[in-house]
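Note that this is a predicted model, so its numbers are computed, not measured. Note: hydrogens, waters and symmetry copies are ignored here, and every other heavy atom, side chains too, is used.
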Amino acid sequence: MSFKIREGEKTDMPSVLKLIQELAHFEKEPDAVVVTVADLEKDGFGDLPLFKTFVAEMDNEIIGMALFYPRYSTWKGPTIHLEDLIVTKSKRGLSVGRDLYRKVIEYGYKKGVKRIEWVVLDWNTPAINFYKKTGAVVLNDWNTAQINEEAIKNYIEQDKI
């Protein structure tokens with residue numbers, strides 16, 4: 001079974017969204033995805049694109065994707081954040097994920113980034129083991145912090161008082 005990895009295009013975004021939704025199910029948050037195809041098209045392909053994608057294609061079907069964007073470390077300089085890497089369930093085991101991962105790393109290397117970073121769920125042992133085999137360090141002493149849209153609004157409004 002042959003597949004190719006290529007840069008994602010605006011017309012790929014419906015397939016990318018399906019993969020994002022599949023990942024949300026895998027991560028046990030099926031209702032968490034609110035982004036739309038229109039959002040992905042606007043945010044990834046506008047005047048100032050906020051992200052870049054690589055897609056894996058087999059028989060004219062998108063079967064996997066990696067979505068990433070630039071960041072900046074005050075300690076290291078330019079970095080990349082790999083937001084999501086997903087291969088549709090029926091195509092896992094074909095090295096698609098490995099090749100997408102490699103493509104992101106090659107891209108970062110060519111861009112001269114100092115680090116590529118991502119988050120992996122602590123129960124996703126196969127992914128953790130794979131990342132470690134590639135030389136990645138899975139940090140156990142850092143916790144991810146997030147503030148959602150509602151909390152942002154509440155904080156700003158509270159601060160006005």
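For the ring pair (Phe, Tyr, Trp, His ring centres under 6.0 Å) test, no residue two or more places apart in sequence or in another chain qualifies with Trp142. Residues passing the ring pair (Phe, Tyr, Trp, His ring centres under 6.0 Å) test with Phe68, sequence neighbours excluded: Phe54, Tyr107. Partners of Lys114 by side chain to side chain donor-acceptor pair (under 3.5 Å), not counting sequence neighbours: none found.
By the 4.0 Å N-to-carboxylate-O rule, Lys4 lies close enough to Glu57 to be salt-bridged with it. Looking at Glu106 and Arg102, a side-chain N of the basic residue comes within less than 4.0 Å of a carboxylate O on the acidic one, giving a salt bridge. Salt-bridge annotation for Lys89 and Glu22: absent, with no side-chain N of the basic residue lying under 4.0 Å from a carboxylate O of the acidic one.
Ile86 and Val55 fall within a single hydrophobic cluster, where Ile, Leu, Val, Met, Phe, Trp and Tyr side chains are chained together by heavy-atom contacts under 4.5 Å. Linking ILVMFWY residues whenever their side-chain heavy atoms come closer than 4.5 Å, directly or via other members, leaves Val120 and Leu19 in distinct clusters. One hydrophobic cluster, built from ILVMFWY side chains closer than 4.5 Å, holds both Phe45 and Val37. The same ILVMFWY cluster, assembled from side-chain heavy atoms under 4.5 Å apart, contains both Val33 and Leu23. Under a hydrophobic clustering in which Ile, Leu, Val, Met, Phe, Trp and Tyr are joined whenever their side-chain heavy atoms come within less than 4.5 Å, directly or via other members, Met58 and Val16 fall into different clusters.
Across Leu85, Ile20, Val87, a single residue satisfies side chain to side chain contact (heavy atoms under 4.5 Å, CB included) together with Met65, and that is Ile20.
Judged purely by atom type and a 3.5 angstrom limit, Asn148 uses its side chain to pair as donor or acceptor with the backbone of Glu150. Without hydrogens or angle criteria, Asp12 side chain to Glu9 main chain gives a donor-acceptor distance under 3.5 Å. Proximity of a side-chain donor or acceptor of Asp39 to a complementary backbone N or O of Thr36 within less than 3.5 Å is detected. The backbone N or O of Lys91 sits nowhere less than 3.5 Å from a side-chain atom of Thr88 that would complete a donor-acceptor pair.
Residues Met13 and Thr53 are in side-chain contact: their nearest non-hydrogen atoms beyond the backbone lie under 4.5 Å apart. Side-chain contact check for Thr79 versus Ile116: every heavy-atom pair is 4.5 Å or farther apart. A heavy-atom distance below 4.5 Å is found between the side chains of Tyr69 and Glu83.
Between atom CG of residue Leu82 and atom CD of residue Glu117 there is a gap of 10.0 Å, rounded to the nearest 0.5 Å. Of the inter-residue distances, the one linking Ile63 atom CD1 with Ser15 atom OG reads 11.5 Å to the nearest 0.5 angstrom.
Residue Asp141 places its CG atom among more than 12 non-hydrogen atoms of other residues, nucleotides or ligands, all under 6.0 Å distant.
Ring geometry, Tyr131 versus Tyr101: the interplanar angle falls from 30° to 60°, so the pair is classed tilted.
The aromatic ring centroids of Phe26 and Trp123 lie less than 6.0 Å from each other.
Minimum heavy-atom separation, Ala56 to Leu100: N-CD2, 4.0 Å.
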*Output, in order, the C-alpha distance, side-chain angles, deciding distance and verdict of side-chain hydrogen bond (donor to acceptor under 3.5 Å, both in side chains) for Glu27 and His25.*
CA-CA 5 Å; Glu27 293 184 352; His25 281 274; over 6 Å; no

